[in-house]
Structure formats: structure tokens, C-alpha cells
Protein chains: 2
Amino acid sequence: MPLAEPVPDVRSLDLLRSVAELGSIRQAAISHNISQPAASMRLRTLELTLDLQLLDRSHGRAQLTSAGVAVVRWSEEVLAPLRDLLLGTQALRAAGKTNLRVAASMTVAEYLIPGWLQRLRTAHPGLLVSLQMGNSQHCIEIMTRGDADIGFIEGSRAPRGLSSRVVRSDDLVVIVAPSHDWARRSTPLTAKELAVTPLVLREVGSGTRQVFETTMRLRGLDVVPLLELGSTTALKSAVESDAGPGILSRLAVQSEVRDGRLVVVAPVDISFDRSIRLVWSKERPLGVPAEQLVRLIEESSTRARQL
Amino acid sequence: MPLAEPVPDVRSLDLLRSVAELGSIRQAAISHNISQPAASMRLRTLELTLDLQLLDRSHGRAQLTSAGVAVVRWSEEVLAPLRDLLLGTQALRAAGKTNLRVAASMTVAEYLIPGWLQRLRTAHPGLLVSLQMGNSQHCIEIMTRGDADIGFIEGSRAPRGLSSRVVRSDDLVVIVAPSHDWARRSTPLTAKELAVTPLVLREVGSGTRQVFETTMRLRGLDVVPLLELGSTTALKSAVESDAGPGILSRLAVQSEVRDGRLVVVAPVDISFDRSIRLVWSKERPLGVPAEQLVRLIEESSTRARQL
DNA sequence: CAATGGCATAAGGAAACCTTATATCGGCAT
DNA sequence: ATGCCGATATAAGGTTTCCTTATGCCATTG
């Protein structure tokens, strides 16, 4: 469903954030390279759009109201992923003249690359990264051709002809709405039960569906679809509104699980591994930029395991 | 720091998302209540802005390229918090004629209210919520006056004259950059060590600073500021660039911790409680809408404890 | 080969936005 | 109290952006 109108301009939200940071409209205008009246007008438009008083101008300098503070905090949750998007698209654009060429599978590119890029940027500002995406097979071909310095793919098995190492664990999980029976069940979920319950699944042909079906079939178990959806988001929405239990990558649901919109139900006797594997050439050693990225990834995954 | 220009329009990102969902520009245009050429032009502008080919128009219907898919996924991370912001501001605006009046402290309003509102909307679409914000003391006054049906404040002690119950745990945590020594320390952190280390702190007068100092002083320990910052974000940035260890609410750092930008170091012999407490009138029982919100909160917090 | 659904282009007009110049207002020091 | 200074609002003018309707082209489909 499209956003509810009217939608505030993100640059105005960013400007408001700068006002909060710098303490005056004037300074905020300067930092955004626009004139002071332009900034003043943008903020006024923002207040009109949201129908809220965000700034108190009655004491010389502009002062944020409590509504203003709240909007700034909420805006930061919007602006951070927007920065990630900008970094990601920049990497997609940068075909040549980069110090580090990365090939990544879709899932990795979606959920992990933006965070890595952002931290890489703060840790090593000079580094220019280019990104190529595709499915895991495609990434392996890119690596074999030598068209990328480093790659990230999903899969429990190492590809032949390339060095590889698991850098991050991931797996498919069963998710339900908090109101679903399974969210409060006392007996553990079994693979057999999963086989006889109609499930909300990704479409046939997707990597997620394939891993799930293959693993189940290996155990001689069937899969009964309740709904087949073409996108991760659509699937999450369906499960949130309690259509039934769904299957998705743990990476894809981590934020919803964190704030309680979705609940993970762990089956006791089956698991669906989709670990993330770092891939590099057997002939050439990793370059310095690649090493820096790897170190960064390992720092965070080490901690993630301990939490 | 302001966003890197050029910034794509969020409504265009939302439109692209609809194209992915509905399979054609035309349908997406209809769902956004604009003409098909307007949609076509917006998407073209988006492609120009990002300098990426997002759609393949060479086969009749528009088909997303791999870059297009990636942009859609990244956009969803932007659009979800933007929806939260819209819901939040809507609640701030809705002064009268609502079924549920909520009073919340700043921290609760920032980090918890948007998620609750979104889930409330899907679970009970008819419910109109209004929100009043302030510090915990202010919220208690609002509740005492009967100007709100239900309130959320921070603090380990129950306010007098009102019924209350802890619905969510929160506490202050010590955070460091992943590259900081403490992220890999083998010996546990002690309160005494915390007292002699210069720390990145919120400014004097903030709730965070107050809880931290009071708890430390009760143990006869001092606090040495290395940097004093006026916003949560500024503090996080400083700690991320390894200025030193910082002190913040766990709620405020959860997303950064999750993706490894920050690391929590748990002191072994001290804790800084800031639990979230539900508050209601002793005279009037909770109404039906308030009960629905409470049930929703307890569903998610139950699960959060188990994870 | 005709029909259909989908997308792009064109033209015209409305709305949004930015810049420079100027007025107003609050705070602060003398 | 008064005058100065920094900050913000208002005004005017011009450019750019964006939308809608009308129309043409193209691919797929039966």
C-alpha cells in the first residue's frame, strides 16, 4: 500500500535534523548549501505538511518544540537507511576505477552490504567499492573470471575452484504473528508438523523456497503452500496479519522480530542452513582493501555471536 | 552531516516499490492516484537521479532489473520508518475525538510508540490514538489530571497515586566501537573501571545522564566525562568513530548493536535500570482500547524476553 | 493479422522552489 | 533605556519541476 499523503520531503527532515544539531536555522541552511530564507521556507512547509509546530521562533534563535524533537528522532530512523541506499546505489554505479570490486548474492546485497559499506566508509574513507549482484551461481562465475576481488554467496557447500569461508550464519526460520497459537506453544515444533501445516511461502524458483523444499524433501517430507508471494515484504505483511506461519531468511526478519511484530518458532528436529560464505580466488591473495572489509565483517560477526 | 546529493524522492521510491508489487507502471500509477505518464516520468527521473537502470521496458510490461530489485529492497528499509513517522505525527496531531489518549515520556515516544501504533493499526484499524509527550514527571501530571487514559514512563519506582506495572525492561549500557579494546576484552568490566575511564556522555540534565550519575554516586563512584553531547545520534557517531566508551539507553542502540556498528560491554557488578512502566488511574479501570494496546505490548515483550 | 494492454512523448498550464533584497524582532551590552 | 547585532520572516521575480490530457508506438496474444 502506498504511503499516506501528504509525505514530508526527506531533505526537509534532514534540514530539521541539522537545526537540532546546530541550533539555528541559519547554520543549518549553510550546512545544506542553501540560502537562509530557503531553509526557513522549507521548515515552514514541513510544519504545514505535518500540521505540527516543530520550532519555537519566539526567542530569537529557533528552538525545537517537543513535537520537533520527536520528529527529528523519528526522522533519523528514516535517514539512516536512506544513507545506506545512497551508498549502495553508489557502489552499483561505480563500475571501473575502484579499489575493491565486490560480487554479492541478492540477499547479501540487500541486508548486509549497506551496513558494511557505511562502516567501511567511516573506517577507511578513501576506499571506493563497486558492487555486482546476481544469484550465488552468477557470483561464482564472476569470481572465476576474475571480474571481482571478493564475493559473498549463500550456501552450506564451498564452491569448487575457489577459496571460501563462512563469515556469517543465516538460516530459514518459521515466523508467525504474535497472536498466532504457535507464538505461545509449550510443545516444540517438529518437522513433521511443518509438513502438514499450510505455509506462507516465497514463489517457486526463489532461493528461499528452494532451500526449504530441498531440505524437507531430503527428510521425505512434503510442503503445503497456503499462499505464495513474490516478495519478502508481502510475505512479512501476510504473516503479520496472521495469515499463517511463514518461511523466510532470519536476516530478512531480524528487525520485525526485534520489535515484536513477528515471532520466530524454532523447530526442534530440522534446520535450514543458508550461511553466508566469503569467496576469493585461489591464485591471487586478498588485496589490502579486501582485507580491510573482511576484518570489519569479522569484528561484527564475532560480537553478534556473543549477544 | 547532511545527506549526499542528489536525494531521490521517497514517493518515487514508493512508486518503484508498487511497480515491483503490481508488475506494471500503469497499475502502480493507479494505486498512487496519479496518471500513467506522471508515474512514467517519476520513474525516469528516479533513474536519472540514481544514474542506474531500474526498469527494463523492452518487453511490453516494465520489468525490474537486478539494480531495480536492490533499490526496492533498500527502499523498504526507508519506507517502513517513514510510515512510522507518519503514524507518530498523526497521533501527535489528533488532540480530541480519539478513542485512546496516550501520554508517553520522550524515550518511549521515540523508540516504542511508532511500532506499537503500526501494530495497533493492523490489529484494530478503527482505533484512533492521540499522543502527548513530555518527561516522566510531566506524564504523571497528565495522568493525575485525567487528561490521558494510559501512560508510559521510565523509572524503577512506581509513582504514588497511580497504578503501574513494568511492561518492558530497559537499562543504560556501555557501548564501544567494534575496534575498541573493550570489544574484545577477556576480563569483565567493573564499575570501578567505569569510574576512572573518561566517557562519552549525554549532557547534564538529560535523563540518561541523571540515571547514570545517580547510580554511580550511590556506589561512591565518580563520573569522568570525555565528551558531552546533546543528542543520542551525536553520541552514537562519536562512539562509532572510537572516541571512547559511551553510555546510552539499550533501546537507543539496539539497531546499531544488531548490525555490529556498536558493541555492548556489560559491567559485571553494576546495572543502570530504566524500565518502562505502564501507568493508569486507580479510580477508572482501563477501557477496551487501552486493554487492546496493553495486550499487544505484552505479546511482544513476552517474546522479546525469550529471544 | 488484428486487437489489446502498456509505455513514451508532446504540449500547455499550474505549482513549487530558490535567490536576492529588505523588514522585523529578540537579546545583550553599554 | 538605548542601540547594536544576529537571527528569522516577508517580498518580488524568475526558473524549474511536475502534473494532466491527448496521441503515437511497440510488444504480446489470440
Side-chain angles (χ1 to χ4, degrees), chain A residues 2-65 67-69 71-72 230, chain B residues 2-65 67-69 71-72 230:
Chain A
L3 292 170
E5 301 283 346
V7 179
D9 176 18
V10 277
R11 290 187 310 168
S12 303
L13 296 176
D14 194 30
L15 184 63
L16 185 69
R17 189 198 50 70
S18 290
V19 172
E21 181 184 327
L22 303 172
S24 94
I25 296 179
R26 181 181 179 71
Q27 295 304 318
I30 292 170
S31 81
H32 282 245
N33 288 312
I34 60 175
S35 67
Q36 171 266 318
S40 189
M41 203 186 307
R42 267 198 209 174
L43 293 167
R44 165 192 286 278
T45 306
L46 181 62
E47 287 183 307
L48 251 75
T49 305
L50 297 179
D51 193 17
L52 285 175
Q53 191 182 342
L54 305 174
L55 295 169
D56 176 9
R57 290 128 163 124
S58 68
H59 297 282
R61 319 182 142 263
Q63 181 85 18
L64 269 81
T65 64
V69 173
V71 170
V72 168
Chain B
L3 292 171
E5 300 282 346
V7 179
D9 175 21
V10 277
R11 290 187 311 168
S12 303
L13 296 176
D14 193 31
L15 184 63
L16 185 69
R17 189 198 51 71
S18 289
V19 173
E21 181 183 328
L22 303 172
S24 92
I25 296 179
R26 183 181 176 69
Q27 296 303 320
I30 292 169
S31 81
H32 283 244
N33 289 313
I34 59 175
S35 67
Q36 171 264 319
S40 190
M41 204 184 314
R42 265 199 210 172
L43 293 168
R44 166 187 285 279
T45 307
L46 181 62
E47 286 183 306
L48 254 81
T49 306
L50 297 179
D51 192 17
L52 283 175
Q53 192 184 342
L54 305 174
L55 295 168
D56 176 9
R57 292 134 165 118
S58 66
H59 297 283
R61 318 181 143 264
Q63 181 87 17
L64 269 81
T65 63
V69 173
V71 171
V72 167

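Side chains are part of it too, since the values below use all heavy atoms of this structure and drop only hydrogens, waters and symmetry mates. The sequence lines fix the lettering, A, B, ..., with proteins before strands; numbering per chain opens at 1.
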Exercise for review: Compute the bend angle of the helix from C/dC1-D/dG30 to C/dT30-D/dA1 from the end axes (five pairs per end), rounded to 10°.
Suggested key: 30°
Review point. Quick one: what's the B/S/- string for nucleotides 8-23 of chain D, heavy-atom cutoff under 4.0 Å, read 5' to 3'?
Key: BBB--------BBBB-
Review point. By side-chain contact (heavy atoms from CB on, under 4.5 Å), which residues pair with B/A4, not counting sequence neighbours?
Key: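 Result, side-chain contact (heavy atoms from CB on, under 4.5 Å) vs B/A4: none returned.
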Practice item. Could you tell me which residues satisfy side-chain contact (heavy atoms from CB on, under 4.5 Å) with A/V69, sequence neighbours excluded, listed by chain and number? Key: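 A/V69 satisfies side-chain contact (heavy atoms from CB on, under 4.5 Å) with A/L64, A/R73, B/M106 only.
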Study note, to complete from the structure: Closest heavy-atom pair, A/G68 versus A/L16, reported as atoms and distance to 0.1 Å, is O-CD2, 4.2 Å
Study note, to complete from the structure: Looking only at heavy atoms, the pair that brings B/A29 and B/A39 closest together is CB-CB, 3.6 Å
Review point. Does some side-chain heavy atom of B/T65 sit less than 4.5 Å from a side-chain heavy atom of B/L55?
Key: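 B/L55 does not reach B/T65 side chain to side chain.
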Review point. Quick one: are A/L54 and A/L43 in side-chain contact, heavy atoms under 4.5 Å?
Key: no
Exercise for review: Could you check B/D9 against A/V10 for side chain to side chain contact (heavy atoms under 4.5 Å, CB included), going step by step and ending with a plain yes or no?
Suggested key: CA-CA 8 Å; B/D9 175 21; A/V10 277; over 6 Å; no
**Study point:** Residue list, side-chain hydrogen bond (donor to acceptor under 3.5 Å, both in side chains) with A/S18, at least two apart or on another chain
**Key:**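 Partners of A/S18 under the side-chain hydrogen bond (donor to acceptor under 3.5 Å, both in side chains) test: A/H32.
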Exercise for review: Report the residues that fulfil side-chain hydrogen bond (donor to acceptor under 3.5 Å, both in side chains) with A/S12, sequence neighbours left out, ordered by chain and then residue number.
Suggested key: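 Expected list: none.
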Check your understanding: Taking atom CD1 of A/I34 and atom CE of A/M41, what is their separation to the nearest 0.5 Å?
Key -> 10.0 Å
Let me check something: any side-chain donor-acceptor pairs from residues 20-28 of chain A under 3.5 Å, sequence neighbours excluded? List them with distances.
residue, atom, partner, partner atom, Å
A/E21, OE1, A/R17, NH1, 2.7
A/S24, OG, A/R26, N, 3.4
A/S24, OG, A/Q27, N, 3.0

Point to revise | Pairs involving residues 37-55 of chain B, ordered by first then second residue, that meet side chain to side chain donor-acceptor pair (under 3.5 Å) (sequence neighbours left out) | key: B/E47-B/R57
Check your understanding: Which parts of residues 12-22 of chain A get close to DNA chain C, meaning a heavy atom less than 4.0 angstrom away?
Key ->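 Within residues 12-22 of chain A, no residue comes under 4.0 Å of DNA chain C.
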Review point. From the 5' end of DNA chain C to its 3' end, which nucleotides mark the outer limits of contact with chain A, defined by a 4.0 Å heavy-atom distance cut-off (strictly under)?
Key: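 It runs C/dC18 to C/dG27.
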